[in-house]
Student: 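Right, I'll just put the structure down here and ask away after.
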Amino acid sequence: MAAGIHGRLIAVLQELRRIPDVLAVALARRDGLLIAHVLPKSMDPKRIAAMAASIVGTSEMAAGEMGLGPFFQSIVDSGSAKMLATGAGEEGILITIVRTDANMGLVLLSVGKAVQAVSNLLEEAAVEPEARA
Amino acid sequence: MLDDRLGGGFPRTSTLLLFSDKPTEKRVFAENFVVEGARHQETVLYVDFYRMPSLARAELSRFGRFPQDRLVFVDAISAQLMVESAEAYHVDRIDSLADTVDVIVRAIQEERPSRVVIDSMEFLSDRFPRDALLDQWRRIIAEAKAAGSVVCFLFINWTYQERDLGAIRALSDFVLEFQSSMRGGIVRNSMRISQMAEGGVRTNWIPYTFKDLIGVTVYFPRLMVTGPFNAGKSTVVKALCEKSVSIDRMGTTVAFDYGNVNITGIEAEIFGTPGQERFEFIFQIFAREVSGVLLVVDATRPEDFERAKHMLALIGPHIPYVVLANKSDLPGALKPEAVAGQMDLPDGTPVVATVATESKGVRDALLILAEMIIGVR
Ligand SMILES: Nc1nc2c(ncn2[C@@H]2O[C@H](COP(=O)(O)OP(=O)(O)O)[C@@H](O)[C@H]2O)c(=O)[nH]1
Ligand SMILES: [Mg+2]
């Protein structure tokens with residue numbers, strides 16, 4: 001059952017990965033463990049999952065502290081790419097890396113869809129992380 | 001806390017030299033010193049060469065309320081400005097060293113203050129010959145001793161050679177050196193206390209800060225709380241700090257814990273790290289300018305002790321640390337000595353049994369760490 005969910009999660013990530021200018025996609029748990037990824041070999045998926053969890057944890061806390069309303073997404077805007085860390089349900093973080101000149105309208109729409117699909121799947125079953133640290 | 005280590009503060013009839021490269025940093029310490037005396041209903045004497053006493057009084061209101069009538073001024077400024085002084089003690093002939101010191105001596109003899117501040121000696125060293133000044137310096141010390149006062153000389157040296165400075169230090173019981181440095185736009189003030197007597201205490205550089213209404217406190221801009229996962233780090237930060245934030249998700253600290261503590265003359269910013277390996281990158285962000293470390297271990301899990309030592313190493317070498325043998329309430333918890341043994345800690349490393357969930361032992365550990373950082377332990 002859990003294995004089935006894992007396959008379906010990967011499918012969602014892969015679909016998002018196919019959008020033009022999307023370079024890499026991963027799914028992490030809020031405590032920084034990796035759930036699934038379609039990242040290039042040059043990236044360390046576990047480290048990225050942990051860092052995304054720190055970014056989201058800190059952003060969410062900051063949003064609360066400043067009274068900004070419910071947290072949705074953190075964007076790390078850098079020289080050649082952007083990283084979007086988007087809350088996916090209670091437990092997930094969807095990490096999407098896109099080219100810096102990407103069509104953000106299309107990207108955000110696709111990320112929104114993927115987040116919805118991921119949240120549903122995560123709710124369906126308590127997913128075991130890929131590996132325990 | 002410092003006071004305790006110096007045997008209940010600076011003993012009566014001692015001579016302090018407050019020495020620095022900038023004027024304002026040490027004055028606040030001297031002001032704090034007289035205000036504290038006044039708060040104890042003691043008479044205190046402030047000799048001011050630079051400010052009108054009315055201005056000085058206004059500035060001292062930053063310290064909050066204290067009995068103003070206990071604070072007596074020697075006005076050594078009005079004569080410079082050629083205005084009438086409103087103070088009982090005022091220097092009329094500011095161009096005469098002997099006359100100036102006569103007024104100070106008379107004030108000491110008549111008021112018998114518990115504390116005297118001379119703000120400051122470079123005013124005199126700039127204007128009068130060295131040997132004559134040193135004679136008068138000794139005279140003030142002798143009079144202060146006779147009156148049972150602690151006398152505190154502020155002094156910025158820009159004229160004297162090391163040899164003369166040595167003579168001035170030798171006149172003093174304690175030398176307090178002040179330093180301030182700027183790093184990344186943040187000013188850090190620190191001071192170091194040396195007891196001049198043979199085998200006297202010599203502290204490390206102690207960072208300090210000034211706060212309105214509170215005064216001068218020891219200030220550690222960064223203490224780290226680290227240790228293995230689930231040892232109780234976040235609980236320790238909560239126990240120490242009135243208000244704290246923990247960026248925790250699903251029972252795990254994913255970024256850091258942060259809180260500010262304020263206890264008995266110490267203020268510190270406390271940063272807790274996550275415990276798991278996957279968050280080690282956090283250390284690169286926070287493990288800078290760390291004054292000291294509280295290393296938290298679960299005393300029932302010796303299998304995590306190696307990990308604890310690794311985390312300590314991540315923060316850096318030569319940083320003072322205290323080990324908290326936490327969860328000492330649980331059955332099978334190792335005693336501090338056993339923890340020290342199993343961790344193979346260097347001799348003398350403090351290990352404190354704690355129950356973070358009940359705030360037990362946590363403060364003691366912090367105070368021990370503070371003493372280690374300051375260098376009085
Ligand atoms: N019995 C006991 N439990 C503790 C103590 N300190 C912390 N805990 C519990 O240990 C768990 C982990 O604590 P936490 O502070 O989150 O650990 P961290 O991972 O090191 O930050 C929590 O359930 C705490 O309530 C203690 O002194 N005694
Ligand atoms: Mg924690």
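Here is the naming used below: chain letters follow the sequence lines, and residue numbers restart at 1 for every chain. Just so you know, these numbers use all the heavy atoms, side chains as well, and skip hydrogens, waters and symmetry mates.
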Student: Is the CZ atom of B/R363 crowded by more than 12 outside heavy atoms at less than 6.0 Å?
Tutor: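 For B/R363, atom CZ is not crowded (no more than 12 foreign heavy atoms under 6.0 Å).
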Student: Give a yes or no on whether A/E90 atom CD has more than 12 heavy-atom contacts from other residues, nucleotides or ligands under 6.0 Å away.
Tutor: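 Count not over threshold, so no.
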Student: Under 4.0 Å between a side-chain nitrogen and a carboxylate oxygen: does that hold for A/E60 and B/R249?
Tutor: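 Judged by the 4.0 Å cut-off on N to carboxylate O distance, A/E60 and B/R249 do form a salt bridge.
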Student: Could you state the interatomic distance from CZ (B/F281) to CZ (A/R47), rounded to the nearest 0.5 Å?
Tutor: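 Rounded to the nearest 0.5 Å, the CZ-CZ separation comes to 7.5 Å.
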Student: Contact part of B/F229 toward chain A, heavy-atom cut-off under 4.5 Å: side chain, backbone, both or neither?
Tutor: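 For B/F229, neither part sits under 4.5 Å from chain A.
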Student: Do other residues, nucleotides or ligands put more than 12 heavy atoms under 6.0 Å from B/E306 CD?
Tutor: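 Count not over threshold, so no.
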Student: For B/K309, does the NZ atom sit with more than 12 other heavy atoms under 6.0 Å from it, leaving out its own atoms?
Tutor: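 Yes.
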Student: What distance separates A/R30 CZ from B/I247 CD1, expressed to the nearest 0.5 Å?
Tutor: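 Separation between the atoms: 13.0 Å.
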Student: Is the closest side-chain heavy-atom distance between B/R278 and A/D31 below 4.5 Å?
Tutor: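 The answer is yes, as the side chains (C-beta and beyond) meet within the 4.5 Å cut-off.
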Student: I'd like to know whether CD of B/E303 has more than 12 heavy-atom contacts from other residues, nucleotides or ligands below 6.0 angstrom.
Tutor: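 Counting neighbours around CD of B/E303, more than 12 heavy atoms of other residues, nucleotides or ligands fall under 6.0 Å, so yes.
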Student: Hey, does the side chain of A/S54 reach the backbone of B/V254 with a donor-acceptor pair shorter than 3.5 angstrom?
Tutor: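 Between the backbone of B/V254 and the side chain of A/S54 there is a qualifying donor-acceptor contact (under 3.5 Å).
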